[in-house]
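Here is the structure we will look at, set down as structure tokens.
In what follows, chains carry the letters A, B, and so on, assigned in the order in which the sequence lines appear, proteins first and then strands, with residues in each chain numbered from 1.
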Protein chains: 2
Amino acid sequence: MSRAVRDDLPHLDKAGRPTLATVAALAGVHPSTASRALSASVPAGVRVGSTGTVARIRAVAQEVGFARNLQAAGLRTQRTSLAGVLVPRLTDLVLATIYEGIDEQGRRHGYQTFVTNTNDDEAERAAKLEMLLARQVDGIVLGDARVDHDEVIDRLEARKVPFVLVSRRSQHHPSVTCDDRAGGRLAAQHLLDLGHRRVAVVAGEPFASTAVDRLQGFSDVFREAGHPLDPDLVVPSRFDVEGGRRACQQILRTPGDAPTGIFAVNDFAAIGTLGTLRAAGVAVGQDMAVIGYNDIPLASDLPLPLSSVRSPLHEMGRTAMEVLVAGIGGAEMSSTTLEPTLSARESTLGARAPGDSH
Amino acid sequence: MSRAVRDDLPHLDKAGRPTLATVAALAGVHPSTASRALSASVPAGVRVGSTGTVARIRAVAQEVGFARNLQAAGLRTQRTSLAGVLVPRLTDLVLATIYEGIDEQGRRHGYQTFVTNTNDDEAERAAKLEMLLARQVDGIVLGDARVDHDEVIDRLEARKVPFVLVSRRSQHHPSVTCDDRAGGRLAAQHLLDLGHRRVAVVAGEPFASTAVDRLQGFSDVFREAGHPLDPDLVVPSRFDVEGGRRACQQILRTPGDAPTGIFAVNDFAAIGTLGTLRAAGVAVGQDMAVIGYNDIPLASDLPLPLSSVRSPLHEMGRTAMEVLVAGIGGAEMSSTTLEPTLSARESTLGARAPGDSH
DNA sequence: GCATTGTGCCCAATCGTTTGTGCCAATCGA
DNA sequence: TCGATTGGCACAAACGATTGGGCACAATGC
């Protein structure tokens, strides 16, 4: 373990930490030599220094606990090995999971990730983006794109910073998403197969392609089957528990025949829906089928296991970072779509499938 | 809106972005003058420039879309306005919520936060810490401290970087925590009051003070009441759903009288517990009481609302950042403890309290 | 009208690294 | 033994911003 930073070293920085000059002086070489000796990659055909010197310099660096000042290095090299990540909220497990995939893959390529919340707020998005750019990130993963026109994307293009969208698509821009339309279709077909004809949708935010596409796919299937959705039963919502709760309350207040099934475009909204139904005395799985989206880890462990459409969140994050790294390297970036699958459980099947687990 | 970065500007950086020199040249002043004109704070008694010049410089900066290179600025000023945050995992809603508090309060003081996962792994913690230090963060919030000896804390002290612990305490180091011992006592007293005498604990990770202290408080109350815990019914666990599931399986396998109540030191572990109990055909709320910890937002909306001890997560994060900022400013840092409260619901009360909501 | 004060800016050094270039000495072939 | 080569390192110039010091000029006081 590097140890005991001595206080009498030469060329310490103002915080008292050893610099490259410290190491160089102690090893009796020039800072430039120290820099080369400590740079990880063997610089191909370049002058690399004798093995003895390199070893000596590395030993000294180790001993004084030298840590390269990445700010200074980045200033010189114009690369930070930093990827910016913009997400709506990290308290949303879906985004947190995607982020983990991004970070994991980034690390494989030597990138660190700088993630920040935007709360889906336009002003905040712009401000956070500027912050990331000011910190000279090498590229950006955008997890909060708007489906139609997106000012943040415009800026990104103007600045010529490599970027990729994840989770949500926007127009033609390179993105890594799950096939949300197909996922919506899966949910719809499942409910149709179970005999439901009049269903409601907790539809999420209209500016998010995830919500829009899932609803679209869902709606298509019911229309094609001759049972088009009742527009009054399609209510927008936030993506969290509270959003689902409110949307479900509105659904229950809607006049006309009550639906027999509810599709929530997000598992947390589905849980809020379950809460509201329970408070209203509706027996989920019997009187009402509920299906969510994303298949978060706790869906199968709920007191009433939740049916859901599984999207490969972690993989989505990994893939997005892979695309970004390629883009930073100068490659052309293209979009990727991953496939969702259905996890049917008791919230739609009723109490007849106790053996479901994962 | 700053617009249309023209391509024919002088002194662009290598990525084609305008620099301070660009702005200065266009405004017909020296870069130093531009720097002063663009620095936010009015430097007390220092020469500040004529209002006309300042306005002109600012206009130019706006027009060419100048964004200060924070790397270069940080190199010169030795301040990054960056606070590092180390957490076990952001997919843990508890930590994600604390992080949001940290970030929110940081922003108030002009800090950005650089958060990263450590997965509670020692090697990863050390590596991530070095990374943050290499990026010259001004201070660090540590969300994954070990209760006993913590090597990361040692390093932090050696480097003389201001830091504060959050959520988990460790020895005498300044920390902002919830009174976990008191929280454990609340849970215990609640179960005792309901008549439970033989109870099990899904105890969390032994290196986390949160788990240790909650268990300690819980255990104390039962011992004081003359019903000491059966050590076989206290099983360590991870803090997630899967961890709770496994721990509960072990509890169910334990020979001897079955317990009538289970305390999980974390809500996700509690949900895993619910899942396992359900699969085993145990009726929670009737045959078995379950109480969790943290009172996450979905606890009240579960198909069977979960009793829990609420800890003020967001506030904990805010407070921690407040302490850190003071510490960076040179103030002495001291520990703060926040108070938990009980949220009793049907997972312990049975089906007789349908009116509970939040 | 002259000395004094103050205002508005520029100059140049500096933060800690990286990297193209060039010098010196050792090594090699003949 | 001599010239050509090359290995090993030092030099110095960046990167883009900040900041103490100082210069020129205008305003002020007497």
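Rounded to whole Å, the distance from CG on L38(A) to P on dT19(C) is 13 Å. Rounded to whole Å, atom P of dG16(D) lies 11 Å from atom CZ of F66(B). When the C1' atom of dG8(C) is taken as reference, atom CD1 of I57(B) falls 11 Å away, rounded to whole Å. Here dT17(C) presents its P atom at 18 Å from NZ of K14(B), a figure rounded to the nearest Å. Atom CZ in R76(B) sits roughly 8 Å away from atom P in dG20(D) (whole-Å rounding). Atom-to-atom, CG of L20(A) to C1' of dT19(C) comes out at 13 Å; the value is rounded to the nearest Å. If you measure from atom CG of L133(B) to atom P of dG16(C), you get 16 Å, rounded to the nearest angstrom. The nearest whole Å value for the distance from the CZ atom in R56(A) to the P atom in dG8(D) is 13 Å.
Here T53(A) does not reach the OP1 or OP2 of dG8(D): none of its side-chain N or O atoms lies under 4.0 Å away. Contact between the side-chain N/O atoms of T33(B) and the OP1/OP2 oxygens of dC9(C) is not found at any separation under 4.0 Å.
Looking at which nucleotide of DNA chain C each of T77(B) and A34(B) is closest to, the 5′-most match is held by A34(B). Nearer to the 5' terminus of DNA chain C, by closest-nucleotide assignment, is the contact made by H30(B) (compared with the other of H30(B) and Q78(B)).
The heavy-atom pair separating V60(A) from A27(A) by the smallest distance is CG2-CB, 4.1 Å.
Using a cutoff of 4.0 Å between basic side-chain nitrogens and carboxylate oxygens, E100(B) and R89(A) are scored as salt-bridged.
Partner of E124(A) under the side chain to side chain donor-acceptor pair (under 3.5 Å) criterion, out of T116(A), N119(A), T118(A): N119(A) alone.
A donor and an acceptor atom, one from each side chain of H149(B) and Q171(B), are nowhere located under 3.5 Å apart. With hydrogens and angles left out, the side-chain atoms of R135(A) and Q112(B) include a donor and acceptor closer than 3.5 Å.
Closest to the side chain of L75(B), from the set dG8(D), dC15(C), dG8(C), is dC15(C). Closest to the side chain of R36(B), from the set dC11(D), dT17(C), dG20(D), is dG20(D). Nearest to the side-chain atoms of S32(B) among the listed nucleotides dG16(C), dC11(C), dT19(C) stands dC11(C). Checked against dC15(C), dC15(D), dA10(D), the side chain of V29(A) finds its nearest nucleotide in dA10(D). Across dG21(D), dT17(C), dA17(D), the shortest atom-to-atom separation from the side chain of R68(A) is found for dT17(C).
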